[in-house]
Amino acid sequence: MAKLKFKTDFCKGCGLCVDACPKKLLKLATDKINKKGHHPAEITDQDSCTGCTSCAIMCPDCVITVER
């Protein structure tokens, strides 16, 4: 089972990782705002993540780490 970790304070809320996830498990948080004033990305169902790393590869700021 894969585990995603986010450096939420560095996320600029661009949504590229959300679009890259083949299982549509990522979303931009609507109830959180980081230090930069953006809604950071978060995973909706950690147990369903396959660890494909598409989100981490797409992230321009290297905010996402995938652990397998």
Side-chain angles (χ1 to χ4, degrees):
M1 177 173 66
K3 182 176 181 179
L4 295 184
K5 290 188 175 183
F6 296 86
K7 297 176 192 170
T8 56
D9 284 333
F10 296 103
C11 181
K12 61 184 174 193
C14 67
L16 292 174
C17 60
V18 175
D19 294 336
C21 180
K23 296 190 85 177
K24 305 299 179 203
L25 300 175
L26 300 178
K27 69 172 189 163
L28 295 180
T30 56
D31 58 341
K32 298 176 192 170
I33 295 179
N34 64 15
K35 290 181 182 180
K36 292 185 175 185
H38 302 290
H39 293 281
E42 63 184 11
I43 189 159
T44 58
D45 185 6
Q46 185 71 63
D47 294 333
S48 295
C49 179
T50 61
C52 71
T53 69
S54 292
C55 58
I57 291 168
M58 187 57 70
C59 181
D61 297 318
C62 301
V63 169
I64 304 168
T65 302
V66 180
E67 294 180 356
R68 295 185 202 169

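When reading the values below, keep in mind they use all heavy atoms of this one structure, side chains included, and skip hydrogens, waters and symmetry mates.
For K3, the NZ atom counts as loosely surrounded, since its 6.0 Å shell holds 12 or fewer non-hydrogen atoms of other residues, nucleotides or ligands.
Minimum interatomic distance between K36 and F10 (heavy atoms only, all atoms of both residues): NZ-O, 4.0 Å. Contact detail for N34 and C11: the closest heavy-atom pair is ND2-O, 2.6 Å. Shown here for V66 and C55, the closest heavy-atom pair between the two residues is CG2-SG, 4.5 Å.
Not one N or O on the side chain of S54 forms a donor-acceptor pair closer than 3.5 Å with the backbone of C21. With hydrogens and angles disregarded, no donor-acceptor distance shorter than 3.5 Å links the side chain of E67 to the backbone of M1. With hydrogens and angles ignored, the 3.5 Å screen pairs no side-chain donor or acceptor of D61 with any backbone N or O of V63. For H39 (side chain) and D31 (main-chain N/O), no donor-acceptor pair under 3.5 Å exists by modelled atom type.
S48 pairs by the side chain to side chain donor-acceptor pair (under 3.5 Å) definition with D45, not counting sequence neighbours. Partners of D9 under the salt bridge (Lys or Arg N to Asp or Glu O under 4.0 Å) rule, at least two apart in sequence or in another chain, are K35.
The structure places OG1 of T44 at 10.5 Å from NZ of K23, a figure rounded to the nearest 0.5 Å. We find the SG-CG distance between C17 and L28 to be 6.5 Å, quoted to the nearest 0.5 Å. From I43, atom CD1 reaches atom CD1 of I64 across 9.0 Å, with rounding to the nearest 0.5 Å.
For the pair L4/L26, a side-chain contact is recorded, criterion being any heavy-atom separation below 4.5 Å from C-beta on. Residues K32 and T8 are not in side-chain contact: their nearest non-hydrogen atoms beyond the backbone lie 4.5 Å or more apart. Residues P60 and K12 form a side-chain contact, since some pair of their non-hydrogen atoms from C-beta on lies under 4.5 Å apart.
In the hydrophobic clustering, M58 connects to L16, either directly or through intervening members, whenever side-chain heavy atoms lie under 4.5 Å apart.
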